[in-house]
Amino acid sequence: MSEQKYKIVLLGPPASGKGTQADFLAEKLGLPKISVGQLLREEVDKGSEVGKQASEVMESGGLVPNAIVNEVVKNKIEALGEAGGFVFDGFPRTRIQAKILDTLVKITHVLFVNVADQEVVKRLAGRRTCSKCGKIYHLEFNPPPKENACECGGELELREDDTPEAIHKRLKIYHDETEEVVEYYKEKDLLIEIDGTPAIEEVKQEIFNKLKI
Ligand code: AMP
């Protein structure tokens with residue numbers, strides 16, 4: 001199997017739409033999407049040791065300690081094998097994580113989906129996540145096919161970290177820690193900036209155009 005051309009990282013504030021866009025990209029390129037937040041939520045639901053350690057900090061909107069996140073990421077990358085491509089959503093979120101990722105794999109593209117704080121707050125209030133498959137909807141901008149139900153039949157829920165206090169904390173962490181990751185990849189000349197404000201379909205087109213896919 002030849003080395004994959006696309007080892008993509010998606011960066012951006014909470015609710016920038018990076019999870020949704022990661023789904024589109026993964027589908028278009030036939031690659032797995034790796035959402036670290038989703039992997040952690042699955043651990044919490046399973047009641048595993050990792051899940052127990054992560055759940056409280058996740059509910060409050062804080063960052064899960066590196067030791068836990070890195071383990072989850074490392075296992076996933078190993079399972080994919082060296083040549084496998086992927087679309088990463090929600091990792092790395094700190095400069096330290098970015099450096100660790102560099103030791104595991106060579107990233108080829110970093111998409112920075114940017115939106116303003118006030119838009120983040122507006123979007124998160126209407127966001128609903130499928131409790132079964134993790135698909136994300138917005139009551140107004142991207143409504144589910146049936147009230148409170150995902151296309152897979154799963155029930156939709158408001159994430160515990162989409163409360164106003166947790167949203168505030170997540171935005172602060174984003175500005176304090178994740179913006180450094182944007183700089184990190186800019187210095188490496190890997191950063192592709194995308195305006196995440198327009199409608200989902202338009203953002204998708206901009207991403208596809210910039211990646212020439
Ligand atoms: P997300 O679904 O990407 O918004 O992630 C949900 C939550 O999972 C975050 O608020 C964090 O508590 C945790 N999490 C996800 N990715 C990371 C990461 N790279 N580092 C630390 N914690 C993370």
Side-chain angles (χ1 to χ4, degrees), residues 3-38 61 63 69 73 77 85-127 135-138 140-142 161-162 167-213:
E3 180 82 13
Q4 250 288 343
K5 219 172 124 189
Y6 296 103
K7 293 181 175 171
I8 301 175
V9 161
L10 272 128
L11 295 176
S16 54
K18 60 184 170 13
T20 304
Q21 298 299 336
D23 282 334
F24 292 144
L25 266 177
E27 198 192 346
K28 173 88 179 177
L29 297 169
L31 296 175
K33 169 179 112 160
I34 308 173
S35 161
V36 174
Q38 185 62 26
L63 287 185
V69 174
V73 168
I77 290 181
F86 52 75
V87 181
F88 251 115
D89 164 28
F91 186 89
R93 267 171 148 100
T94 66
R95 188 177 270 265
I96 292 174
Q97 290 180 356
K99 287 193 167 164
I100 290 167
L101 186 60
D102 276 346
T103 68
L104 298 173
V105 72
K106 192 169 166 18
I107 297 300
T108 58
H109 304 79
V110 178
L111 293 162
F112 169 40
V113 184
N114 199 9
V115 298
D117 286 8
Q118 74 225 47
E119 179 71 15
V120 169
V121 173
K122 201 167 85 188
R123 288 182 181 187
L124 282 175
R127 181 155 93 170
K135 190 172 164 70
I136 298 161
Y137 296 92
H138 190 283
E140 192 182 336
F141 310 128
N142 181 27
D161 60 354
D162 283 347
I167 290 169
H168 182 75
K169 185 163 171 187
R170 286 161 73 200
L171 268 173
K172 179 161 169 25
I173 291 174
Y174 170 73
H175 290 301
D176 290 349
E177 311 237 22
T178 310
E179 272 177 355
E180 280 187 22
V181 181
V182 174
E183 285 309 309
Y184 180 84
Y185 285 121
K186 200 185 270 177
E187 283 160 20
K188 289 184 174 289
D189 225 7
L190 287 176
L191 200 79
I192 302 171
E193 185 157 357
I194 306 287
D195 180 6
T197 321
I200 292 171
E201 200 52 38
E202 264 177 71
V203 176
K204 173 177 150 183
Q205 268 320 315
E206 194 192 345
I207 291 176
F208 284 13
N209 290 344
K210 287 203 167 154
L211 287 177
K212 302 191 178 69
I213 56 174

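Counting non-hydrogen atoms of neighbouring residues, nucleotides and ligands closer than 6.0 angstrom, the CD1 atom of I96 reaches no more than 12 such neighbours. When the shell of 6.0 Å around NE2 of H175 is examined, it contains more than 12 heavy atoms from other residues, nucleotides or ligands.
In this structure, the side chain to side chain contact (heavy atoms under 4.5 Å, CB included) partners of R170, at least two apart in sequence or on a different chain, are P14, L124, R127, R159, D161, D162. Applying the salt bridge (Lys or Arg N to Asp or Glu O under 4.0 Å) rule to D189 yields no partners; only residues at least two apart in sequence or on another chain are considered. Applying the side chain to side chain donor-acceptor pair (under 3.5 Å) test to K33 and every residue at least two apart in sequence or in another chain returns D23. In this structure K188 satisfies the salt bridge (Lys or Arg N to Asp or Glu O under 4.0 Å) test together with D102, sequence neighbours excluded. Checked against side chain to side chain donor-acceptor pair (under 3.5 Å), K186 has no partners two or more places apart in sequence or in another chain. Partners of K28 by salt bridge (Lys or Arg N to Asp or Glu O under 4.0 Å), not counting sequence neighbours: none found. Listed by chain and number, the residues in a side chain to side chain donor-acceptor pair (under 3.5 Å) with N142 amount to none (sequence neighbours excluded). Residues passing the side chain to side chain donor-acceptor pair (under 3.5 Å) test with Y185, sequence neighbours excluded: none. By the side chain to side chain contact (heavy atoms under 4.5 Å, CB included) test, K99 is found to be paired with Y184, residues two or more places apart in sequence or in another chain being considered.
Residue pairs that meet the salt bridge (Lys or Arg N to Asp or Glu O under 4.0 Å) test with at least one member in residues 111-125, sequence neighbours left out, are E119-K122, E119-R123. Identified under the ring-ring contact (aromatic ring centres under 6.0 Å, His included) test for residues 91-124, with sequence neighbours left out: Y6-H109, F88-F91.
Of all non-hydrogen atoms in V181 and A98, the two that sit nearest each other are CG1-CB, 4.3 Å. The nearest pair of heavy atoms linking P32 to A26 is C-CB, 4.3 Å. In terms of heavy atoms, I173 sits closest to G61 at CD1-O, 3.6 Å. Among all heavy-atom pairs drawn from V120 and A15, the shortest one is O-CB, 4.1 Å.
None of L10, I34, V9 except one satisfies the side-chain contact (heavy atoms from CB on, under 4.5 Å) rule with V87; the exception is L10.
Within the 3.5 Å criterion, the main-chain N or O of G17 finds no donor-acceptor partner in the side chain of Q21. The closest donor-acceptor contact from the side chain of T178 to the backbone of T94 lies at 3.5 Å or more, if one exists at all.
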> Checking side chain to side chain contact (heavy atoms under 4.5 Å, CB included) for the pair V69/Q97: CA distance, chi angles, key distance, verdict?
Replying inline: CA-CA 9 Å; V69 174; Q97 290 180 356; 4.0 Å; yes

>> Show, in sequence, the C-alpha distance, side-chain angles and deciding distance for V182 and N114, and conclude whether the side chain to side chain contact (heavy atoms under 4.5 Å, CB included) test is met.
In response: CA-CA 10 Å; V182 174; N114 199 9; over 6 Å; no

> Does the pair I8 and I107 meet the rule for a side chain to side chain contact (heavy atoms under 4.5 Å, CB included), with working shown?
Replying inline: CA-CA 6 Å; I8 301 175; I107 297 300; over 6 Å; no

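At least one side-chain heavy atom of I167 sits under 4.5 Å from a side-chain heavy atom of V121. By the 4.5 Å heavy-atom criterion applied to side chains, T108 and K5 are not counted as neighbours.
In this structure, the separation between NZ on K18 and CG on L111 is 12.5 Å, given to the nearest 0.5 Å.
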Give the table of side-chain donor-acceptor pairs shorter than 3.5 Å for residues 190-213, with sequence neighbours excluded, one pair per line with atom names and distance.
residue	atom	partner	partner atom	Å
D195	OD1	T197	N	3.0
D195	OD1	T197	OG1	2.6
E206	OE2	K210	NZ	3.0
N209	ND2	Q205	O	3.3
K210	NZ	E193	O	2.9

